[in-house]
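A short worksheet on the structure shown next.
We count ligands from 1, going down the list as the structure has it; atoms in each ligand are counted the same way. Note that the structure is predicted; figures quoted are calculated from it, not measured. Below, each value reflects all heavy atoms present in this structure, side chains not excepted, and no hydrogens, waters or symmetry copies.
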Amino acid sequence: MLSQKTIEIVKSTAPVLAEKGVEITKCFYKNLFSSHPELLNIFNHANQAKGRQQTALANTVYAAATYIDQLEVLIPAVKQIAHKHRSLAVKPEHYPIVGEHLLGAIKEVLGDAATDEIINAWAEAYGVIAQVFIDVEKEMYEEATNQTGGWKDFKKFKVVKKVEESAIITSFYLEPSDKTALPAFLPGQYITIRLSIPGETNLLNRQYSLSDAAGQSTFRISVKRESECTPKGKVSNYLHDHINMGDELEVTAPAGDFVLDAEKAAPVYLISGGVGITPMMSMLKTVAASQPKTHSSFAQKIMSMLKTKETAQLNNPVTFVHAAKNGEVHAFHDEVCETIENLQNARRYFVYEQPTSEDYVKKQFNGEGYLDFEKLSSIVKEKEAQFYICGPVEFMKATVINLEKLGVAEENIHYEFFGPALNLKEY
Ligand code: HEM
């Protein structure tokens, strides 16, 4: 329990530290990695290079400091980060290391302004915040380990199928190398893939959304090829070019809280841009699995996993909206059409930014240009629906703004940003 004095010092100095936040966290990471180079096997170097991780960590520490006397307010944000930590095998013993270097960086950047009293107050506050994370993560590790087929940390998986879904997106079907059953997961969750790439000093981790429903013998991830020399493209391009059937990868159990809320008896809109289609595929296929014409045991399993009422699922209309540059890079076209056709109450809308001449011949799309306000207002029939959005930041930003303009309530809009969590409106 923090003393009133400590709370006052932390709250009154939080704005000053926030102002220097990015400088402090940059200094923190530099010092952290020079004294603990082994941690470079956990962190994503692409996010580091862009300064995104610095911003995410700085935002969280100062938000936590602001709410230091009412930590329960932070729990939803802590849970989202804890999912990421759990999927990267972050451990309780890492917290004191991070704490030591964070305080060291505060001292280094603020100089004389960081008095002993201030540093001690922040050390105490960090301890309290870290304990909240450790406790939430402990529960998540237990949950991941205790469920049927579950495991802790990384486990070896074999690539059993590789399928080109478009000119730039390829799916990898992954099976546990020990042939054990897979755990259940919620539609929208992701896994972390860990790879050793020749010429790289450290292991590289990346998160990929699962792109099919649970209940199969494999996990499916669908990876976009990125532009060559960016750090972001290192792993995805390596997967495309060098990982083939029979190769092994290390994988963590599914995590993430951007998931379809099947308990709500409301229409569902799944809106994606580009490779943001991957979690939407899992959501669509899960709804499809819960609405079969005959009630198979698999459908019942999915429904009980989602803890939902059968009637709510059967009656929820689904609208699948996808924006792609053109037909060449549009993944899962046929799979979506087929799934939608077999659903009782579903429709789809594909919008191509720059259709090719072949797209005009095939008539595979419904709208041309961007998914703008006009298009959305013609697509959205039920404003009280639940909206799930995933895609490039600018796409999500525009879509969220347009949905709000259409009168959709903020709490009915859910989105996932690839990379460190940031507030979309501040991005
Ligand atoms: C990610 C905060 C402790 C390792 C993040 C993110 C935030 C954050 C906000 C971004 C979440 C997202 O991507 O959705 C914090 C806070 C901590 C803390 C407030 C202390 C109280 C730790 C510790 C470790 C760690 C002890 C382990 C050494 C990571 C890694 C990522 C991450 C590896 C993913 C970064 C990436 O690869 O892009 N953390 N963290 N964090 N955190 Fe922490």
Mind checking what makes side chain to side chain donor-acceptor pair (under 3.5 Å) contact with E382, not counting sequence neighbours? Y269
Taking 4.0 Å as the limit for heavy-atom contacts, which would you say applies to V98 with ligand 1: side chain only, backbone only, both, or neither? side chain
Measuring only between side-chain heavy atoms, which start at C-beta, is N202 closer than 4.5 Å to F43? no
Would you please indicate yes or no on a ring centroid separation below 6.0 angstrom for Y388 and H414? yes
Enumerated ligand 1 atoms positioned under 4.0 Å from heavy atoms of F133: 19 (C), 21 (C)
Side chain, backbone, both or neither: which applies to H85 and ligand 1 if a contact is any heavy-atom pair less than 4.0 Å apart? side chain
What atoms of ligand 1 come within less than 4.0 Å of a heavy atom belonging to Y126? 20 (C), 21 (C)
Let me check something: any side-chain donor-acceptor pairs from residues 120-133 under 3.5 Å, sequence neighbours excluded? List them with distances.
residue: N120; atom: ND2; partner: D116; partner atom: O; Å: 3.2
residue: W122; atom: NE1; partner: T13; partner atom: OG1; Å: 2.9
residue: E124; atom: OE2; partner: T6; partner atom: OG1; Å: 3.3
residue: Y126; atom: OH; partner: Y95; partner atom: O; Å: 2.7
residue: Y126; atom: OH; partner: G99; partner atom: N; Å: 3.4
residue: Q131; atom: NE2; partner: D135; partner atom: OD1; Å: 3.0

Which ligand 1 atoms does I81 reach within 4.0 Å, using its non-hydrogen atoms? 2 (C), 5 (C), 6 (C), 7 (C), 8 (C), 9 (C), 39 (N)
Side chain, backbone, both or neither: which part of K84 comes within less than 4.0 Å of ligand 1 when only heavy atoms are counted? side chain
Within 45 degrees of the axis of the six-membered ring of Y349 and under 6.0 Å from its centre: does K375 put its NZ or CZ there? no
